[in-house]
A.B. asks: 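One structure follows; several queries about it will come next.
Just so it is clear, the values below take in all heavy atoms, side chains as well, and ignore hydrogens, waters and symmetry mates.
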Amino acid sequence: MAEWMDASTKALLRRYGAFIFVVLGALLSLILSFVTHHVFLFAFCVFFTLAMVGVFDITQPNHSLLRNYPLIGSVRWIFEAVRPYLRQYLMEDDLSEKPYNRDDRSLVYARAKNEEDRQPFGTELDTYAAEYEWMTHSLAPTPVSEEPFRVNVGGPACAKPYSASVFNISAMSFGSLGSHAIEALNMGAKAGGFYHDTGEGGLSPYHRKHGGDIVWELGSGYFGCRNRDGSFSPERFQERALLDQVKMVEIKLSQGAKPGHGGVLPGAKVTPEISETRGVPMGEDCISPSRHPAFSTPAQMMEFVAQLRELSGGKPVGLKLCVGHPSEVFALAKAMLKTGIRPDFIVVDGSEGGTGAAPHELADHVGMPLREGLILVRNALVGTGLRPEVRLAASGKVISGFSMAANMAIGADWCNAARAFMFSLGCVMSMRCHTGACPTGVTTNDPHLQRGLVVEDKAERVTSFHRHTVEALADLIAAAGLEHPRDLLPHHVWHRVSPIEVKPLDRLYTFLAADALIDAPDETPYAADWAAADADSFAPRRAVGPRRAA
């Protein structure tokens, strides 16, 4: 019995020892404050507060750990709260953080601030580790281009083609980003001569304030050009699409971080500014459907493209998507062939793309990563002879000249970046984008937090980051002995498969020849998906692969 009591007592002391200690400390300090000196009242206040926390822990019903280990259990929550910061600033090395390591972020910060971005003592990367990549260089390098690289966007149906920079600001909506961040991005784009994508949240006054080039993104909610029931309003669209500042229109089919998923902005968060920008009533939930109500087939989508082009006065109209079912990509190509209508550009968003908030499973396991998605869309366009008429852009973790060059080598005409430009605004990757409490004032509408983001200062950083990154791309192009990023080909980038095997990208991936899907689709790896694709249906018209067993 004594042995059992001893073990029980020890167990109780392990569980409640800290609580008993602070209760005794509170009683002792209270007594001493009367007997000796009132300074002990301070100690009593501390112990008494901790004792009340312990009482709360014991009596609350929600957390088993706190009920069984009052006070001590709270230490877990403290360390859990500070864990991301301890890892980021004290524990992790320069190459291990996700989604962006310290080296990548430091590169953006340095270029944004016009600081030294060269590194001494060689690369920190393990050049013999799997997935290491490099560009081939020439023994006869060309002079580094002093002219900014541009891409002409707009086919024969466009009355107002656009000359785009090879590096631009990807879609980030007003509401997800605060007004100061939107202003700084647009002011930086204006000074640097590149475009600013509005995101699906609509064309706000802050996008227009400084006159930077705008690509107006239309999501399934048609914010800024919708009727009361959420359907598309041609009249409202035309009113804004004809603005000279709007250079192109982008139909968002899906985004990398949460493809195939709609969204809801609760009515309580619909401020007067958001209500005005999006064209939604105050106090009502702002719903983004998971699919577009304006069309239901690939062919109808092409008709919608033509309608937007006409309403905008002949400006380029394109699509943005994260690639899902390959048969649907081929259905889009077949719809272009059937209708004779081509989008002027397609932006491929990789599943590694970011967002303010996304369901865990969608962010981690839905959608095709950028490289595979870009190659698939490139093959669909090249294999049907459509590539000369449709520009391709890449979006997803683009942060340096090399990441741009690698995307361009496999088919992209230009690249867009979102999080990299957020870093240029001062983002410290605190991972609080969805809370409204961003400490640097980027992803919040709290005026007190936004005060920390000075528009004029951060706009200069946006411009500087863009300029230095494009200059780095120019250095790579010259080193490869080329004149323009459009000259890059898959064999210019090599990939390490294992410590003893490396391959150029054209030997790792399939790159179709022109018209291969038209002339001999069964000889391509896409034969089943091509046969299943239908211009009049997003659903495949036949099974792709073996059926599930009964």
Side-chain angles (χ1 to χ4, degrees), residues 105-115 148 165 167-217 223-224 240 243-247 269 271-278 354-356 398-399 416-430 432-470:
R105 285 160 36 225
S106 294
L107 178 66
V108 178
Y109 296 148
R111 287 177 172 171
K113 298 175 184 178
N114 284 312
E115 295 176 351
S165 169
F167 190 37
N168 302 282
I169 301 171
S170 194
M172 293 181 282
S173 301
F174 170 59
S176 296
L177 265 59
S179 59
H180 286 206
I182 295 293
E183 280 195 55
L185 289 170
N186 196 257
M187 182 184 287
K190 172 71 172 178
F194 51 101
Y195 77 65
H196 179 192
D197 192 311
T198 64
E200 66 177 311
L203 180 58
S204 75
Y206 306 105
H207 288 102
R208 298 178 57 187
K209 186 173 181 179
H210 301 288
D213 289 354
I214 288 293
V215 170
W216 184 11
E217 182 180 275
F223 298 127
R240 294 195 170 191
L243 294 171
D244 185 62
Q245 191 180 352
V246 175
K247 302 300 182 182
K269 294 186 177 182
T271 66
E273 287 181 321
I274 291 176
S275 173
E276 173 65 25
T277 297
R278 298 195 177 193
T355 182
V398 176
I399 203 164
N416 294 338
R419 286 173 289 183
F421 279 103
M422 287 173 63
F423 291 140
S424 74
L425 291 174
C427 166
V428 294
M429 206 170 78
S430 65
R432 301 175 72 184
C433 308
H434 60 300
T435 66
C438 171
T440 56
V442 177
T443 60
T444 178
N445 289 294
D446 185 328
H448 301 291
L449 291 172
Q450 287 201 72
R451 181 183 176 276
L453 197 160
V454 179
V455 171
E456 291 76 14
D457 175 69
K458 296 304 187 288
E460 290 183 11
R461 296 189 182 191
V462 169
T463 304
S464 296
F465 168 62
H466 174 273
R467 182 178 68 255
H468 291 306
T469 304
V470 175

A.B. asks: Gln245 side chain to Gly212 main-chain N or O, any donor-acceptor pair under 3.5 Å?
C.D. replies: yes
A.B. asks: Please lay out, stage by stage, how Phe174 and His207 fare under the test side-chain contact (heavy atoms from CB on, under 4.5 Å).
C.D. replies: CA-CA 8 Å; Phe174 170 59; His207 288 102; 4.1 Å; yes
A.B. asks: With a 4.5 Å limit on heavy-atom distance, are the side chains of Trp216 and Arg240 in contact?
C.D. replies: yes
A.B. asks: When rounded to the nearest 0.5 angstrom, what distance separates NZ in Lys190 from CD1 in Ile214?
C.D. replies: 11.0 Å
A.B. asks: Set out, in order, the CA-CA distance, both residues' side-chain angles and the distance that settles side-chain contact (heavy atoms from CB on, under 4.5 Å) for Val462 and Ser424, then state yes or no.
C.D. replies: CA-CA 6 Å; Val462 169; Ser424 74; 3.5 Å; yes
A.B. asks: Do side-chain atoms of Ser176 reach the backbone of Met172 as a donor and acceptor pair under 3.5 angstrom?
C.D. replies: no
A.B. asks: Of all heavy-atom pairs between Val442 and Ala181, which one has the smallest distance, and what is that distance?
C.D. replies: O-CB, 3.6 Å
A.B. asks: Distance alone, cut at 3.5 Å: any donor-acceptor contact between the side chains of His466 and Ser165?
C.D. replies: yes
A.B. asks: Give the minimum heavy-atom separation between Asn114 and Ser464, together with the two atoms involved.
C.D. replies: ND2-OG, 3.1 Å
A.B. asks: Write down the atom of Leu425, the atom of Ala184, and the distance for their closest heavy-atom approach.
C.D. replies: CD2-CB, 3.6 Å
A.B. asks: Can you confirm whether or not the ring centre of Phe421 sits under 6.0 Å from the ring centre of Phe167?
C.D. replies: yes
A.B. asks: Inspect the surroundings of CD in Glu276 and state if more than 12 heavy atoms from other residues, nucleotides or ligands are less than 6.0 Å away.
C.D. replies: no
A.B. asks: Just how far is it from atom CE of Met187 to atom NE2 of His210, taken to the nearest 0.5 Å?
C.D. replies: 3.5 Å
A.B. asks: When you compare the side chain of Asn445 with that of Leu177, does any pair of heavy atoms fall below 4.5 Å?
C.D. replies: no
A.B. asks: Tyr206 and His180: side-chain contact (heavy atoms from CB on, under 4.5 Å), yes or no, with the steps?
C.D. replies: CA-CA 8 Å; Tyr206 306 105; His180 286 206; over 6 Å; no
A.B. asks: Can you find a heavy atom in the side chain of Val215 that is under 4.5 Å from one in the side chain of Thr198?
C.D. replies: no
A.B. asks: Can you tell if the side chain of Leu203 reaches within under 4.5 Å of the side chain of Leu243, non-hydrogen atoms only?
C.D. replies: yes
A.B. asks: Judged by atom type as modelled, is there a donor-acceptor pair below 3.5 Å linking the side chain of Ser275 to the main-chain atoms of Thr271?
C.D. replies: no
A.B. asks: Decide side-chain hydrogen bond (donor to acceptor under 3.5 Å, both in side chains) for His196 and Asn186; before the verdict, give the C-alpha distance in whole Å, the side-chain angles of both, and the deciding distance to 0.1 Å.
C.D. replies: CA-CA 6 Å; His196 179 192; Asn186 196 257; 3.2 Å; yes
A.B. asks: Taking the side chain as everything from C-beta on, heavy atoms only, tell me whether Arg432 gets closer than 4.5 Å to Thr444.
C.D. replies: no
A.B. asks: A side-chain contact here means heavy atoms from C-beta on lying under 4.5 Å apart; do Tyr109 and Arg461 qualify?
C.D. replies: no
A.B. asks: If every non-hydrogen atom of Arg278 is compared with every non-hydrogen atom of Ser173, which pair is closest and at what distance?
C.D. replies: NH2-CB, 4.5 Å
A.B. asks: Under the criterion side-chain contact (heavy atoms from CB on, under 4.5 Å), I'd like the reasoning laid out for Phe423 against Ile399: C-alpha separation, chi angles, the key distance, then a yes or no.
C.D. replies: CA-CA 10 Å; Phe423 291 140; Ile399 203 164; 4.3 Å; yes
A.B. asks: For the residue pair Arg105 and Met429, what are the closest heavy atoms and their distance?
C.D. replies: NH1-CE, 3.7 Å
A.B. asks: Heavy atoms, side chains only, cut-off 4.5 Å: are Met422 and Thr443 in contact?
C.D. replies: yes
A.B. asks: Got Asp197 and Ser170 here, is their nearest side-chain heavy-atom distance under 4.5 Å?
C.D. replies: no
A.B. asks: Can you tell me if Ser179 and Gln450 form a side-chain donor-acceptor pair at under 3.5 Å?
C.D. replies: yes
A.B. asks: Against Asn168, only a single residue in Val398, Asn416, Asp213 fulfils side-chain contact (heavy atoms from CB on, under 4.5 Å); can you say which?
C.D. replies: Asn416
A.B. asks: What are the two closest heavy atoms between Gly436 and Leu449, and how far apart are they?
C.D. replies: O-CD1, 4.0 Å
